[in-house]
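Numbering of residues begins at 1 and proceeds along the displayed sequence.
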Amino acid sequence: MTQPVSPPRDSTDKVPQARPPAWRGLPARADVRTLSLLGVLAALIIVGGITKPDEFLDTRNLQLVLTQASVVGVVTVGMTFVIISGGIDLSVGAIVALASVWATTVATQEYGFAGILFTALIVGVGCGLVNGVLIAYGSMVPFIATLAMLASARGLALQITDGKTQIVTVPSVLDLGERDAYILGIPPLVLVFAVVTVIGWLVLNRTTFGRRTVAVGGNPEAARLAGIDVRRQRLYLYLLSGLCCGVAAFLLIVLSGSGQNTNGNLYELDAIAAAIIGGTLLTGGRGTITGSVLGVLIFFTITNIFALNNLQSDVQQIAKGAIIVAAVLVQRRTASTT
């Protein structure tokens, strides 16, 4: 018995096409955000050049802005990784303070440059380890765990210093902050920030560690089913954040020539705000190192312009708050349209 032959398909019939995966649009959206941030930064530079051309465009002033941004910028790189994973770290400022005062005690300074650097790094990593263990293996909410570390680190820093400023007497450390140490007119602190930024970008975008970080932030359960050890990944991320705090503490020691228990004040807010402005989602799963770095530069450029125009610090804080709100609203609008 012959089978009926179906008529040939008309060439005009429409064949349903599969929708491209959503992730394919992420690079384009990231490029748009980066260009937008660059536009904002360029606009701020123009404003500064118009309002205070002699002071703002002076080479020393620009070097100062970059140097000050470098300390918070290093912290922001670590914070970006943590937020992309769906976490938060409120203790970064306190860790910077604790690392800076512990590294500038008289006993530590006896070991010279290496002793100060090693102490700053090991204190930062140690605090990150405590945060990571409590969150990853103690099942504590990141907000609570890092808030506890904030209070503890600040208290310990105050106890070490007894409320006094610890002056650095190691010449090799102090020399890094002098103009003679600049390389092609670039301060060493800025070069360190640039190196940390490049390493952070490569780790996030070109390594398995970066892909796992995004996966954990996007959907922890799916990441676990895919074979990712979510708890270990979170531990590593808080270790990374602590390491960045240790580096930032050393840079702050070089910049100020001292260690104080008040160091790193509100660094956690600046780092979180810079990451948000740069396009990092507080819910996790998306973020860029480039955007976070541009967010830091925008904040410090605004602060510098306000300072040169003798505007009050409260106006600066209001402006920062407005920028953060605007960035979050833009994020929500972008998320709702994708």
*Asks:* So if I apply the side-chain contact (heavy atoms from CB on, under 4.5 Å) rule between Val216 and each of Gln233, Arg231, Arg224, which one comes out positive?
*Replies:*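 For Val216, the side-chain contact (heavy atoms from CB on, under 4.5 Å) test succeeds with only one of Gln233, Arg231, Arg224, which is Gln233.
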*Asks:* Where do Ser70 and Val192 land on the side-chain contact (heavy atoms from CB on, under 4.5 Å) test, with the steps shown first?
*Replies:* CA-CA 8 Å; Ser70 297; Val192 173; over 6 Å; no
*Asks:* Could you check Thr301, Asn309, Val47, Ile50 and say which one makes a side-chain contact (heavy atoms from CB on, under 4.5 Å) with Phe56?
*Replies:*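 Between Phe56 and the candidates, side-chain contact (heavy atoms from CB on, under 4.5 Å) is satisfied uniquely by Thr301.
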*Asks:* Under the 3.5 angstrom rule, does the side chain of Asp58 hit a backbone N or O of Arg60 as a donor-acceptor pair?
*Replies:*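 Yes: the side chain of Asp58 pairs with the backbone of Arg60.
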*Asks:* Under 3.5 Å, is there a donor-acceptor pair between the side chain of Thr105 and the main chain of Val101?
*Replies:*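 No, Thr105 side chain to Val101 backbone: no donor-acceptor pair under 3.5 Å.
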*Asks:* With clusters defined by side-chain heavy atoms of hydrophobic residues (ILVMFWY) lying less than 4.5 Å apart, directly or transitively, does Leu57 cluster with Leu297?
*Replies:*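 Result: yes, single cluster for both.
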*Asks:* Taking all heavy atoms of Leu44 and all of Ile305, pick out the closest pair and write down the distance.
*Replies:*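 Answer, listing the atom of Leu44 first, then Ile305: O-CD1, 3.2 Å.
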*Asks:* Go through the structure and list residues passing side-chain hydrogen bond (donor to acceptor under 3.5 Å, both in side chains) with Asn261, not counting sequence neighbours.
*Replies:*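 Not a single residue meets the side-chain hydrogen bond (donor to acceptor under 3.5 Å, both in side chains) criterion with Asn261.
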*Asks:* Do any N or O atoms from the side chain of Thr119 and from the backbone of Ala103 form a donor-acceptor pair under 3.5 angstrom?
*Replies:*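 Not a single qualifying donor-acceptor pair exists.
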*Asks:* Given 3.5 Å as the limit, does a donor-acceptor pair link the side chain of Glu268 with the main chain of Met79, or not?
*Replies:*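 No; zero donor-acceptor contacts below 3.5 Å.
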*Asks:* Looking at every heavy atom in both Ala273 and Phe299, which two are closest together, and how far apart are they?
*Replies:*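 Nearest heavy atoms, Ala273 then Phe299: CB-CE1, 3.2 Å.
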*Asks:* Does Gln63 use its side chain to pair, donor to acceptor, with the backbone of Pro187 at less than 3.5 Å?
*Replies:*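 A pair under 3.5 Å: no.
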*Asks:* Going by the angle between their ring planes, with limits at 30° and 60°, are Phe81 and Phe209 parallel, tilted or perpendicular?
*Replies:*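 Judged by the thresholds at 30° and 60°, the geometry between Phe81 and Phe209 is tilted.
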*Asks:* Is it true that atom CZ of Phe118 has more than 12 heavy atoms of other residues, nucleotides or ligands lying nearer than 6.0 Å?
*Replies:*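 At most 12 heavy atoms, drawn from other residues, nucleotides or ligands, come within 6.0 Å of this atom.
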*Asks:* Measure the shortest side-chain to side-chain distance between Tyr267 and Ile95 over non-hydrogen atoms and say whether it is less than 4.5 angstrom.
*Replies:*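 Counting from C-beta outward, Tyr267 and Ile95 never come under 4.5 Å.
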*Asks:* With distance as the sole test, does Ser91 use its side chain to make a donor-acceptor pair with the main-chain N or O of Ala94 at under 3.5 Å?
*Replies:*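 Pair absent, no side-chain N/O of Ser91 close to backbone of Ala94.
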*Asks:* Holding to salt bridge (Lys or Arg N to Asp or Glu O under 4.0 Å), I want the full list of residues that pass it with Arg211, two or more places apart in sequence or in another chain.
*Replies:*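 Checked Arg211 against salt bridge (Lys or Arg N to Asp or Glu O under 4.0 Å); zero matches.
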*Asks:* Which heavy-atom pair separates Val96 from Ala248 by the least distance, and what is that distance?
*Replies:*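 Closest heavy-atom pair between Val96 and Ala248: CG2-CB, 4.3 Å.
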